[in-house]
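So that we are looking at the same thing, I have put the structure below in C-alpha cells.
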Amino acid sequence: MTMYHLKCPNCGFEFDFDYNQFVSISKLGIVMRYGAHDFSVKCPNCRKRQRFHVEDADRVD
C-alpha cells in the first residue's frame, strides 16, 4: 500500500490515506476505483464520498 495526503474538496479536511489499487476495503469503508490513480472514498470528517486523483507528489513517505 502507498500512503497519500488528500484534501477533501467538500469540507477542506486534510488526511492521509493508504491506497492500494487492488484492495476495495479500507479503514474509511469501501474504495471505488476508476483506474490506477483515481478512486473515491468517504472523507473521515464530513463522511461524504469524494473522488480523488493522486500523483507521486501526493505520496507520504
F39 ring center within less than 6.0 Å of F17 ring center: yes

Candidate pair S26 and V41, rule side chain to side chain contact (heavy atoms under 4.5 Å, CB included), full reasoning: CA-CA 9 Å; S26 76; V41 70; 4.2 Å; yes

Hydrophobic cluster membership, F15 vs V31, 4.5 Å side-chain cutoff: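 Result: yes, single cluster for both.
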
R47 CZ to N10 CG distance, which is reported to the nearest 0.5 Å: 13.0 Å

Transitive ILVMFWY side-chain link M32 to V54, under 4.5 Å: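 No; V54 is not reachable from M32 via cluster members.
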
Shortest non-hydrogen separation from R59 to Y4 and the atoms involved: CG-CE2, 3.4 Å

Side-chain touch P44/F13, heavy atoms, less than 4.5 angstrom: yes

Path from L28 to I30 over hydrophobic side-chain contacts below 4.5 Å: no

Considering all heavy atoms, the nearest M3-D16 contact: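 Scanning both residues completely, I find the closest heavy atoms to be SD-CB, 3.5 Å.
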
Nearest atoms (heavy-atom pairs only) where Y19 meets G35: OH-O, 3.3 Å

Nearest non-hydrogen partners of F52 and K7, listed with the distance: CE2-O, 3.5 Å

Which atom of S40 lies closest to which atom of R49, heavy atoms considered: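 Closest approach of S40 to R49, heavy atoms only: O-NH1, 3.0 Å.
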
H5 versus D58, side-chain donor and acceptor atoms under 3.5 Å: no

Shortest non-hydrogen contact between C8 and Q50, atoms and distance: SG-CG, 3.8 Å

